[in-house]
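These notes are about the structure you will find just below.
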Amino acid sequence: MNPQNNDANYSAYIGLAGSHYFSEHFPEDYFHAADSLFNALRTPPNDTEAFYYNGEGIINSQNLQNLVNYIVDIRKQMSENSFYIKSAICKEDEPLDIKLVNKTNFKGLKLRKGYHLRSLVRQGKFKGIGVYIDNVLNEMNEDGIIYNNNYYLNPSRPSRIVHFYDIPLSSEERSKNSLNNFLRSFSLSTHISPKLSRFHISYLANWILSIDFNQPKLQTEDENFLRFIVDRSLFDRSFRDVTRKDLIYYTLLNQIHKHRNIHLQTYKDLYALIGSKKAYVNELRDCGDTRIISDEVKESFLREISERSHAALLGL
């Protein structure tokens, strides 16, 4: 590929979340996922080029909106087969310069000497499910794209929350069978490694952050998803061994609190779930991350729990 002068150069690096774990423990699933990614990458939009190798993809684009739409389409296609991506999108100083080597006894892709691919570095450090948007892109607000302030858990220090900007899940990605596909993937991961199961926290958070709670009537799959989260016999039990799963409750609480009169039953169920376990209340009280739950929402909720507990003691 011959590089062209252009003021805007973007790259994305994309692969399967937990690829090393899956290739070792479920090789057939891994090869199916790699094949799905290959097929999803085959139709890039204008001003965009994609290269596939070894179950991963490198994407070069001169149009950020086209690149984001392309990644969303790939994410959707993969999730329909219960496969989930981890990707990164960055702005580069110059166009990606890849040389295609095609000799009789050797074929490969080669980056120009000295080229530093930011998205490759970001994607390697990212330990979740989603699309890591470089902070520079969010700060520049290029093309007016709105990203979710998502988070994942540091694998070596699960108590440490790492924030990143993510592409919201579209309504099509939160449609029929989305929850079942996700749970199928999660079930596989629990058989492999606790570290891998923690990857799924970022996907759950992004789903919550992608719902428009201003709407009095949510789409069916969003309703099913919320019922799954607030039903203590479902999410609480399924994710019982996942460190800091309580963060999902606080994320939902922060999003739904100001709309609790619209979605009253969900709020009541969430209130009962958090209030039923002293550990959850204490973790909420100690949560100082205002990007997950604001001080205003936290204090209001804790005050409500305290007042109701006091009233119950008085028999009111």
Side-chain angles (χ1 to χ4, degrees), residues 1-3 9-45 48-61 67-68 70-90 92 94-134 152 155 164 166-167 181 184-185 188-189 191-193 195-200 202-203:
M1 181 180 70
N2 296 320
N9 303 292
Y10 307 97
S11 76
Y13 198 92
I14 185 170
L16 176 69
S19 58
H20 298 302
Y21 294 102
F22 278 104
S23 61
E24 178 181 355
H25 297 277
F26 296 99
E28 288 189 11
D29 290 280
Y30 170 74
F31 288 122
H32 183 196
D35 191 53
S36 296
L37 180 59
F38 174 82
N39 290 326
L41 281 165
R42 292 180 68 173
T43 54
T48 302
E49 294 179 288
F51 302 85
Y52 172 89
Y53 78 103
N54 194 33
E56 298 180 323
I58 301 175
I59 305 167
N60 180 52
S61 182
L67 177 57
V68 167
Y70 181 43
I71 293 291
V72 168
D73 188 56
I74 293 171
R75 184 175 66 179
K76 177 177 177 294
Q77 291 183 56
M78 295 293 286
S79 65
E80 287 172 349
N81 292 306
S82 297
F83 302 129
Y84 294 87
I85 65 168
K86 75 163 191 164
S87 180
I89 297 178
C90 296
E92 304 290 350
E94 53 187 322
L96 182 63
D97 184 5
I98 288 185
K99 181 180 180 181
L100 302 177
V101 181
N102 188 2
K103 297 182 178 180
T104 303
N105 59 346
F106 176 78
K107 295 175 175 62
L109 303 176
K110 182 180 180 182
L111 283 172
R112 174 175 52 77
K113 184 178 180 180
Y115 189 89
H116 177 72
L117 187 63
R118 289 193 178 96
S119 58
L120 170 61
V121 177
R122 294 294 186 193
Q123 195 261 10
K125 292 181 178 179
F126 172 42
K127 305 299 180 183
I129 290 173
V131 184
Y132 187 109
I133 303 296
D134 190 54
Y152 64 94
F164 71 102
D166 200 352
I167 302 174
N181 290 341
R184 190 176 301 118
S185 171
L188 277 178
S189 72
H191 293 293
I192 299 174
S193 166
K195 286 186 178 181
L196 182 56
S197 63
R198 287 196 289 270
F199 272 51
H200 294 71
S202 58
Y203 177 83

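Keep in mind that this is a model prediction, so the values were computed, not measured.
- Here Tyr203 and Tyr84 bring their ring centres to under 6.0 angstrom of each other.
- Closest approach of Cys90 and Arg122 over heavy atoms only: SG-CG, 3.6 Å.
- The backbone N or O of Gly124 sits nowhere less than 3.5 Å from a side-chain atom of Tyr13 that would complete a donor-acceptor pair.
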Could you give me the CA-CA distance, side-chain angles and deciding distance for Ile85 and Ile129, then say whether side-chain contact (heavy atoms from CB on, under 4.5 Å) is met?
-> CA-CA 6 Å; Ile85 65 168; Ile129 290 173; 5.9 Å; no
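- Taking each heavy atom of Gly18 and Leu196 in turn, the nearest pair found is CA-CD1, 3.5 Å.
- Here the side chains of Ile71 and Ile59 are in contact, with some heavy-atom distance below 4.5 Å.
- Atom CD1 of Ile98 sits about 8.5 Å away from atom OH of Tyr53, to the nearest 0.5 Å.
- Side chain of Arg75 to backbone of Lys86: no donor-acceptor contact under 3.5 angstrom is found.
- Interatomic distance, CG of Asn54 versus OG of Ser23, reported as 9.0 Å (0.5 Å rounding).
- Checking side-chain atoms of Asp134 against main-chain N and O of Ile89 turns up no donor-acceptor pair under 3.5 Å.
- Residues Leu37 and Glu56 come closest through the heavy atom pair CD2-CA, 4.0 Å.
- Atom OH of Tyr70 is separated from atom CD1 of Ile14 by 8.0 Å, given to the nearest 0.5 angstrom.
- The shortest heavy-atom contact between Ala17 and Gly128 is CB-O, 4.2 Å.
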Working for side-chain contact (heavy atoms from CB on, under 4.5 Å), residues Ile133 and Phe164 | CA-CA 7 Å; Ile133 303 296; Phe164 71 102; over 6 Å; no
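- From Phe26, atom CZ reaches atom NE2 of His191 across 6.5 Å, with rounding to the nearest 0.5 Å.
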Under the side-chain hydrogen bond (donor to acceptor under 3.5 Å, both in side chains) rule, what do Glu92 and Tyr10 come out as? Steps first, then yes or no, please.
-> CA-CA 5 Å; Glu92 304 290 350; Tyr10 307 97; over 6 Å; no
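- Side-chain contact of Tyr132 with Gln123: a donor-acceptor pair under 3.5 Å is absent, judged by distance alone.
- Considering only heavy atoms from C-beta on, Glu49 stays 4.5 Å or farther from Pro44 through its side chain.
- For the atom pair Ser82 OG and Arg184 CZ, the distance stands at 4.0 Å (nearest 0.5 Å).
- Counting heavy atoms from C-beta outward, His20 and Glu24 have side chains that stay 4.5 Å or more apart.
- The line from CG of Asn181 to OG of Ser79 is 6.5 Å long, rounded to the nearest 0.5 Å.
- Nearest heavy-atom pair across Ala34 and Gly55 is CB-CA, 4.0 Å.
- Residues Lys103 and Val101 meet the side-chain proximity criterion, which asks for heavy atoms closer than 4.5 Å.
- Residues His25 and Tyr30 place their aromatic rings such that the two centres sit no closer than 6.0 Å.
- Leu188 places a side-chain heavy atom less than 4.5 Å from the side chain of Phe22.
- Residues Ser87 and Phe126 fail the side-chain proximity criterion, which asks for heavy atoms closer than 4.5 Å.
- Between Ser36 and Asn81, the closest heavy-atom pair is OG-ND2, 3.8 Å.
- Between Arg42 and Tyr52 there is no side-chain heavy-atom pair separated by less than 4.5 Å.
- Side-chain contact between Asn60 and Ile58: absent, with no pair of heavy atoms (C-beta onward) separated by less than 4.5 Å.
- Between Gln77 and Asp73, the side chains place a donor N or O and an acceptor N or O closer than 3.5 Å (distance only, hydrogens not considered).
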